[in-house]
Amino acid sequence: VCAGTLNGLSVTGDAQRQYQTLHKMYNNCEIVMGNLEIVLIDHTQDLSFLQVSWGGGTRTHGGGVCSRRTDTARCPQTIREVTGYILIAMNVFATLPLQNLRVIRGTQFYEEKFALFVLLNYNPNTTHALRQLGLNQLTEILAGGVYIEKNAQLCHVETVEWRDIMRDPRLEPIV
């Protein structure tokens, strides 16, 4: 379990410091108590710490091998639940590695109504941009809506049945 943030689009320091803070907060985190805000991350940054792949039932960590049966306290975890909202904004990495995220609880909202907010993830002067959300296991957004706009190269968001994932039938996803 790790603490989330409540910074919105505000950042402290430069892009490298922003990445270091993100890494420190979410490395080996399984449940984010609060909001997951990924803002201003460059295409050169390695976000694999957000997603540790089991690949055949084992994964390596610190020179050792972890298996699903191994004590998970010794093995790195991957984010599978966020209690607040997820904000992905003004980044230029290609893929968001949150393949094991299953639930966004939406106990807090971004802009008063969104549990998932994805905005402006591209650089108009280069080809670097978010191309895949990678939310393969996301099955529930318990409260709040979805806003995914102005992501010039983002693929497949229109093919997701967001209404099936969102619990509140009165909300319309903005995609």
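Everything numeric in this text was worked out from a predicted model, so none of it was measured.
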### Query
Hey, is the main chain of Asn7 close enough, under 3.5 Å, to the side chain of Glu37 for a donor-acceptor pair?
yes

### Query
Is there a chain of hydrophobic side chains (I, L, V, M, F, W, Y, each step under 4.5 Å between heavy atoms) that links Val160 to Leu133?
yes

### Task
Examine distances only and state if a side-chain atom of Asp168 and a backbone atom of Ala143 form a donor-acceptor pair shorter than 3.5 Å.
no

### Task
Compute whether any side-chain donor of one residue and acceptor of the other, for Asn35 and Gln108, lie under 3.5 angstrom apart.
yes

### Task
Treating Ile, Leu, Val, Met, Phe, Trp and Tyr as nodes and any side-chain heavy-atom pair under 4.5 angstrom as an edge, say whether Leu142 and Met166 lie in one connected cluster.
no

### Message
Rounded to the nearest 0.5 Å, what separates atom CG in Leu40 from atom CD1 in Ile38?
### Response
12.0 Å

#### Entry: Intermediate values then yes/no, side chain to side chain contact (heavy atoms under 4.5 Å, CB included), Leu87 and Leu9
CA-CA 9 Å; Leu87 170 65; Leu9 296 178; 4.1 Å; yes

### Query
Would you find more than 12 non-hydrogen atoms of other residues, nucleotides or ligands less than 6.0 Å from Arg131 atom CZ?
yes

### Query
What's the verdict on side chain to side chain contact (heavy atoms under 4.5 Å, CB included) for Ile41 and Gln18, showing C-alpha distance, side-chain angles and the deciding distance?
CA-CA 7 Å; Ile41 302 298; Gln18 181 71 8; 4.0 Å; yes

### Message
Within the 4.5 Å heavy-atom criterion, are Ile104 and Tyr85 side-chain neighbours or not?
### Response
no

## Note on the structure
In this structure, OG of Ser48 is separated from CG of Leu50 (nearest 0.5 Å) by 8.0 Å

### Query
In the single-linkage hydrophobic clustering (I, L, V, M, F, W, Y; side-chain heavy atoms under 4.5 Å), do Leu116 and Val157 co-cluster?
yes

### Message
Would the distance check show the side chain of Asp14 and the main-chain N or O of Arg17 forming a donor-acceptor pair, the cut-off being under 3.5 Å?
### Response
yes

### Worked verdict on Gln153 versus His128 for side chain to side chain contact (heavy atoms under 4.5 Å, CB included)
CA-CA 9 Å; Gln153 298 180 34; His128 303 295; over 6 Å; no

### Query
Do Leu130 and Thr95 come within less than 4.5 Å of each other through their side chains, counting heavy atoms only?
no

### Task
Identify the heavy atoms of Leu171 and Pro173 that sit nearest to each other, and give their distance.
O-CD, 3.9 Å

### Message
Go through it in stages, so that I can follow the logic: the residues are Glu140 and Arg105, the test is salt bridge (Lys or Arg N to Asp or Glu O under 4.0 Å), and I'd like the CA-CA distance, side-chain angles, deciding distance and then a yes or no.
### Response
CA-CA 8 Å; Glu140 287 187 283; Arg105 293 200 177 275; over 6 Å; no

### Query
Heavy atoms, side chains only, cut-off 4.5 Å: are Leu138 and Ile165 in contact?
yes

### Message
Between His23 and Phe49, is the ring centroid distance below 6.0 Å?
### Response
yes

### Query
Is there side-chain contact between Leu36 and Ile79, with heavy atoms separated by less than 4.5 Å?
yes

#### Entry: In one Ile/Leu/Val/Met/Phe/Trp/Tyr side-chain cluster, 4.5 Å: Ile141, Val175
yes

### Task
Output yes when a side-chain donor or acceptor of Thr78 lies under 3.5 Å from a complementary backbone atom of Asn100, and no otherwise.
no

### Query
Between Asn91 (side chain) and Phe93 (backbone), is there a donor-acceptor pair under 3.5 Å?
no

## Note on the structure
Between Cys29 and Val32 the two heavy atoms that sit nearest each other are SG-CG2, 3.9 Å

### Residues Glu172, Trp162; criterion side chain to side chain contact (heavy atoms under 4.5 Å, CB included); working and verdict
CA-CA 9 Å; Glu172 283 293 319; Trp162 295 105; over 6 Å; no

#### Entry: Path from Met90 to Phe114 over hydrophobic side-chain contacts below 4.5 Å
yes

### Message
Are Leu22 and Gln20 packed together at the side-chain level, in the sense that at least one heavy-atom pair is separated by less than 4.5 angstrom?
### Response
no

### Asn151 side chain vs Glu149 backbone, donor-acceptor pair below 3.5 Å
yes

### Query
What's the shortest heavy-atom distance between Tyr26 and Cys2, and which atoms?
CD2-SG, 3.7 Å

### Task
Examine distances only and state if a side-chain atom of Asn121 and a backbone atom of Leu119 form a donor-acceptor pair shorter than 3.5 Å.
yes

#### Entry: Arg102 side, atom CZ; Thr139 side, atom OG1 - distance, nearest 0.5 Å
6.5 Å

#### Entry: Student check: side-chain heavy atoms of Ile88 and Ile148 closer than 4.5 Å
no

### Tyr147 backbone acceptor or donor facing Tyr110 side chain under 3.5 Å
no

### Query
Val103 versus Val82: any side-chain heavy-atom pair under 4.5 Å?
no

### Arg80 vs Leu101 side-chain heavy atoms within contact, under 4.5 Å
no

### Atom CE of Met25 with >12 non-hydrogen neighbours under 6.0 angstrom
yes

### Summary
Minimal heavy-atom distance between Lys150 and Tyr122, with the atoms involved, is O-CE2, 3.2 Å

